[in-house]
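Notes for the one structure printed next.
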There are 2 protein chains.
Amino acid sequence: MILGRIILGLLAIAPMTGYDLKRHFDSTVGHFWAADKAQIYRTLARLVDEGYAEVETVAGSGAPDRQEHRITAAGRVALAAWLASEPERHVERDPFLARVFFGADLDDDGLRSLFARRRAAVQDQLARLEQMRAETTALDRGARLRLATLDNGIAHLRTELGWLDAVEEEVA
Amino acid sequence: MILGRIILGLLAIAPMTGYDLKRHFDSTVGHFWAADKAQIYRTLARLVDEGYAEVETVAGSGAPDRQEHRITAAGRVALAAWLASEPERHVERDPFLARVFFGADLDDDGLRSLFARRRAAVQDQLARLEQMRAETTALDRGARLRLATLDNGIAHLRTELGWLDAVEEEVA
DNA sequence: ATCCGCATGTAAGTGGTTACATGATTCG
DNA sequence: CGAATCATGTAACCACTTACATGCGGAT
């Protein structure tokens with residue numbers, strides 16, 4: 001449902017293939033919504049069924065034909081309706097914090113390595129988002145809002161690093 | 001899988017019924033792992049199947065009999081193995097940020113109300129976590145680590161409020 | 001030659017949500 | 001008298017992941 005609406009939102013920017021969409025989910029929108037390609041192809045098919053998107057087969061210069069999906073008028077209506085609807089509540093599911101919660105059952109080395117891996121993963125992701133930010137120049141309202149979601153990710157990653165500093169010091 | 005391990009971790013603290021577990025998922029561990037009761041009962045049954053937990057029926061003083069689940073020796077081994085295993089990576093899925101990303105398709109009032117609702121939800125959750133924190137006195141390693149997960153939640157909620165301040169000002 | 005990027009999808013399985021269904025006790 | 005809490009679960013559905021399967025063209 002939400003995935004379908006995000007795909008509609010992306011198709012409203014430009015017509016795309018499932019493959020194109022996958023690249024967006026791995027870069028631009030990936031820091032707040034992850035999606036698998038199997039899921040993208042399935043959802044795309046459903047959007048066509050519902051009349052929210054149409055397909056145009058473009059002969060591929062080399063490789064398979066591109067199945068270009070474009071949003072329909074009905075799709076734009078559905079997208080607008082979703083944006084104006086009651087927001088879904090966000091359910092947290094963080095396996096790292098689950099491990100920390102039961103961390104007393106782990107020896108000192110195990111605990112240290114748990115925190116170290118997390119720190120590495122967070123730094124990695126932070127570097128990627130900061131690079132994306134550096135490559136962006138915000139102009140209109142839409143671009144500023146998209147940039148704001150990036151800043152949200154960056155702010156939370158920095159908070160996570162600060163928290164790790166405090167916890168690692170306390171545990172040591 | 002992760003849910004099963006979290007349940008084992010909770011059963012390692014004390015034997016519990018599905019109902020008891022549900023209460024924990026709505027309070028202590030809820031800020032990093034949400035779980036539905038249908039899912040809890042199903043997972044509990046699977047843990048018994050796998051030999052990681054055993055059931056004892058306790059006659060209920062009023063109301064239905066309690067199905068008390070307790071962790072077995074094999075269950076403790078499985079829990080320890082999970083804690084020492086390669087950490088899963090956390091996949092983000094935040095519907096609020098998805099709405100912000102496409103927020104340009106929304107009018108000013110819609111956007112304002114989107115941020116206002118988010119702020120209210122975050123403040124609400126922050127108040128609950130801060131109260132939980134005030135009620136806790138950390139002593140041993142286990143308690144300190146459990147408290148650290150709470151502090152993680154609190155830190156991120158405060159970051160979210162700060163981000164909201166900045167974005168709302170920019171949009172206004 | 002071999003690997004990477006482009007591009008498509010299916011099948012099977014796991015994980016998570018919503019709705020249905022029941023019934024006693026306790027508190028206001 | 002009615003609502004909330006305790007306590008159990010099932011059935012159906014929806015969302016997501018992993019593994020399988022294919023094949024061209026261009027770069028190293």
Side-chain angles (χ1 to χ4, degrees), chain A residues 1-8 14-27 29-30 32-50 53 55-69 82 86 88-95 98, chain B residues 1-8 14-27 29-30 32-50 53 55-69 82 86 88-95 98:
Chain A
M1 180 65 203
I2 297 173
L3 179 63
R5 294 306 170 264
I6 295 174
I7 289 176
L8 281 182
M16 288 183 213
T17 66
Y19 195 86
D20 295 332
L21 284 164
K22 177 59 180 153
R23 271 191 281 110
H24 272 90
F25 277 98
D26 288 344
S27 54
V29 303
F32 61 80
W33 202 278
D36 185 83
K37 79 177 168 55
Q39 215 185 332
I40 291 168
Y41 282 115
R42 200 166 7 92
T43 305
L44 228 26
R46 205 197 58 201
L47 291 173
V48 172
D49 262 19
E50 292 170 331
V55 202
E56 190 193 347
T57 306
V58 180
S61 55
D65 294 346
R66 292 169 55 80
Q67 301 293 112
E68 283 228 321
H69 290 74
W82 171 66
E86 194 71 19
E88 308 79 7
R89 75 180 211 303
H90 181 198
V91 286
E92 262 317 322
R93 273 191 193 102
D94 186 341
Chain B
M1 178 69 204
I2 298 173
L3 179 63
R5 294 305 170 264
I6 296 174
I7 289 177
L8 281 181
M16 290 184 211
T17 65
Y19 195 86
D20 294 334
L21 285 164
K22 178 59 180 154
R23 271 191 280 110
H24 273 90
F25 278 97
D26 289 344
S27 54
V29 302
F32 61 81
W33 204 277
D36 184 84
K37 79 178 169 53
Q39 217 185 332
I40 291 168
Y41 283 115
R42 197 162 14 91
T43 305
L44 227 26
R46 205 198 58 203
L47 291 173
V48 172
D49 262 17
E50 292 170 331
V55 201
E56 191 193 347
T57 305
V58 181
S61 54
D65 294 347
R66 291 169 57 81
Q67 300 293 112
E68 282 228 322
H69 290 72
W82 171 66
E86 194 70 18
E88 309 80 6
R89 75 178 214 303
H90 180 197
V91 287
E92 263 315 324
R93 275 196 191 101
D94 186 340

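Protein chains get the first letters and strands the later ones, always in sequence-line order, with residue 1 at the start of each.
Comparing D:dA15, D:dA7, D:dT17 against the side chain of B:T17 picks out D:dA7 as the nearest. Closest approach to the B:D36 side chain among C:dG15, C:dA11, C:dT17 is made by C:dT17 (side chain taken as heavy atoms from C-beta onward). Residue B:R23 has its side chain nearest to D:dA7 when only C:dG15, D:dA7, C:dG5 are considered. Residue B:L3 has its side chain nearest to C:dG16 when only C:dG16, C:dG15, C:dA19 are considered. Checked against D:dA7, D:dA15, D:dT8, the side chain of B:K37 finds its nearest nucleotide in D:dT8.
Dashed line: the shortest gap from a side-chain N or O of A:Y19 to OP1 or OP2 of C:dC6 is under 4.0 Å.
Between the base of C:dG15 and the side chain of B:R42 there is no donor-acceptor pair shorter than 3.5 Å.
Atoms CD (A:Q39) and P (D:dC16) sit 5 Å apart, rounded to a whole Å. If you take CE of A:M1 and C1' of C:dG16, they are 17 Å apart, rounded to a whole angstrom.
The main-chain N or O of B:R23 is never found under 3.5 Å from a side-chain atom of B:D26 such that the two would form a donor-acceptor pair.
For the helix from C:dA1-D:dT28 to C:dG28-D:dC1, the angle separating the two terminal helix axes comes to 40°, with each axis derived from five pairs and the value rounded to 10°.
Each of B:A34 and A:Y41 lies near DNA chain C, and the nucleotide nearest A:Y41 is the one positioned closer to the 5' end.
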